[in-house]
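To find a chain, count down the sequence lines: A is the first, B the second, and so on, and within it residues start at 1.
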Protein chains: 2
Amino acid sequence: MANKTTIRQKPTITTRTRTGDSNDARPRRTALSRDRIEVESLALIEEVGIDEFSTRKLGQRLGCEAMSIYHYFPSKAHIMDALADRLLAAMPTPDPGLSPAMRLRGFAQNWRTLAVERPRIFPWLSLHRRNSEIGTRMDDEIVACFYDAGLSPERASLGFRVLGYYVQGAALDEGSGYANGTSSLRPLPAAEVAAHFPRVATIARYSDQAHFDTMFELGFTALLREFGLE
Amino acid sequence: MANKTTIRQKPTITTRTRTGDSNDARPRRTALSRDRIEVESLALIEEVGIDEFSTRKLGQRLGCEAMSIYHYFPSKAHIMDALADRLLAAMPTPDPGLSPAMRLRGFAQNWRTLAVERPRIFPWLSLHRRNSEIGTRMDDEIVACFYDAGLSPERASLGFRVLGYYVQGAALDEGSGYANGTSSLRPLPAAEVAAHFPRVATIARYSDQAHFDTMFELGFTALLREFGLE
DNA sequence: TCCCGCATCTTACATTGTAAGCCACGACAC
DNA sequence: GTGTCGTGGCTTACAATGTAAGATGCGGGA
């Protein structure tokens with residue numbers, strides 16, 4: 001989707017003669033930095049969506065040319081990587097004093113919250129391997145909950161995955177409403193759904209935050225019980 | 001990632017003078033059709049990945065120019081839509097004679113199988129809203145299992161979602177190994193993981209099909225039980 | 001004053017989706 | 001036969017993308 005009926009932009013006429021502007025009101029743009037680039041990237045992504053997130057638009061928002069960004073990151077993929085790490089790093093670690101089950105609940109809660117607060121980047125993040133140092137550390141803290149609860153390495157590994165499946169699915173759903181990502185170009189009109197698939201139509205009635213919370217708890221505790229935690 | 005150290009292609013010199021070629025050995029390429037375009041699209045995506053899937057590469061594979069495809073589909077998004085419907089339509093419907101729980105197991109199995117058989121398109125599909133007619137029908141058949149088991153509309157809706165969360169997460173994981181999608185550009189080397197995060201390293205030991213199956217069953221039956229099926 | 005290096009910009013190119021229009025060929029009317 | 005036309009494909013063109021390669025300006029040390 002490269003074309004979008006856009007208006008040709010004026011070629012910017014870079015006012016390099018900044019020096020001649022004796023008034024030193026310092027309209028000097030904030031200097032670039034990895035940090036600023038990351039912050040603005042996250043903001044831009046939530047604004048325009050991850051598909052429309054481009055280095056040129058980012059440059060515009062930063063007040064620089066697209067290529068200037070490459071002085072701080074060798075590629076767009078490196079930026080994305082940094083964003084993933086930044087989001088993971090920003091997640092609070094559940095209080096180590098809590099029970100394993102409660103800590104797991106905390107991790108799950110964090111993940112679900114992230115899905116809701118950053119719905120445009122979250123689907124990407126959740127499909128991105130968490131195998132950077134910081135992501136691995138987070139996984140380690142999660143498995144640790146199962147070990148702390150006295151599970152064998154095998155049971156702990158299974159628990160990590162099984163609970164993870166559930167949390168992942170829940171967060172993806174909650175983050176973008178009933179379903180995620182692109183939609184069918186010719187979706188069945190709601191009226192048709194109501195008429196022909198009343199059961200499907202009914203599901204939508206339970207899509208508020210309250211239901212998401214109790215629904216999540218329902219499955220989560222069932223799985224915790226399965227592993228003897230709680 | 002548009003640039004890829006490619007070699008400039010020869011400009012094809014379209015041999016329009018096909019008529020002069022008296023030998024009518026009919027090297028005439030198979031005619032285009034929606035069906036053929038869909039089939040080749042699916043094949044191409046599994047070959048090169050969904051990001052590298054372009055109308056030009058598709059044209060090459062079909063033996064036509066990219067724009068010829070637009071005679072059959074108004075846009076690439078429409079192709080993707082058709083692929084989603086085709087994949088859903090190809091999924092076998094579990095025998096209606098089976099118990100609701102077993103039918104649900106069948107749907108889940110289908111989904112997981114698809115994830116493994118078409119790993120390159122599956123993550124996209126699973127984030128694509130299933131709100132075309134055919135997708136809605138499938139959802140309806142799934143909720144129907146809960147109704148058939150005697151659940152109230154509310155409980156059925158919750159069950160649909162809760163079980164769905166789990167299946168979705170499981171399929172995404174199984175389809176691409178321990179995690180999905182792009183990977184960190186500087187992943188922690190396995191040796192580092194083994195040294196500093198032995199618990200995480202252990203998880204990988206349970207990533208074969210046998211473990212996936214028992215692991216999946218474990219959580220799935222726990223959730224079924226929670227809803228009183230089985 | 002000269003020079004150097006860092007940060008930023010310019011230019012350029014391959015690749016993408018796709019709008020707009022062209023053109024060949026077979027089917028039909030006469 | 002000779003129009004005429006629609007169908008199915010092709011050509012060209014353009015905006016947008018990531019990014020390689022190199023130019024350019026500025027500030028600071030010699």
Does NZ or CZ of R161(A) lie under 6.0 Å from the centre of the six-membered ring of Y206(B), at an angle within 45° of the ring axis? no
How many whole angstroms separate atom CD of E52(B) from atom P of dT17(D)? 18 Å
Rounded to the nearest angstrom, tell me the gap between atom CZ in R56(A) and atom C1' in dA12(C). 11 Å
NE2 of H71(A) versus P of dA21(D): gap in Å, rounded? 17 Å
Consider the side chain of C64(B), meaning its heavy atoms from C-beta on, and name the nucleotide among dT19(D), dT18(C), dC10(D) that approaches it most closely. dC10(D)
Rounded to whole angstrom units, what separation is found between the CD1 atom of I79(A) and the C1' atom of dT17(D)? 13 Å
Looking only at side-chain atoms of E65(A), point me to the closest of dG18(D), dG17(C), dT10(C). dT10(C)
Do the side-chain N or O atoms of S54(B) get closer than 4.0 angstrom to the phosphate oxygens (OP1, OP2) of dT16(C)? yes
Using whole Å, what does the distance between atom P of nucleotide dA19(C) and atom NE2 of H78(B) come to? 11 Å
In terms of side-chain geometry, is the basic nitrogen of R86(B) or D35(B) positioned less than 4.0 Å from the acidic oxygen of its partner? yes
Separation of dT8(C) P from F73(A) CZ (nearest whole Å): 13 Å
Flag the pair F73(B) / H78(B) as yes when their ring centroid distance falls below 6.0 Å, and as no otherwise. no
Taking atom types as modelled, is there a side-chain donor on S183(B) or N131(A) under 3.5 Å from an acceptor on the other? yes
So, is Y72(A) near the phosphate of dT8(C), with a side-chain N or O under 4.0 Å from OP1 or OP2? yes
Please state how far atom CD in Q60(B) lies from atom C1' in dT16(C), giving the value in whole angstrom units. 14 Å
How long is the line joining CG of D51(A) and P of dG18(D), in whole Å? 11 Å
Does T55(A) put a side-chain nitrogen or oxygen below 4.0 Å from OP1 or OP2 of dG18(D)? yes
Can you identify which nucleotide, out of dC10(D), dC9(C), dG17(C), has its nearest atom closest to the M67(B) side chain? dC10(D)
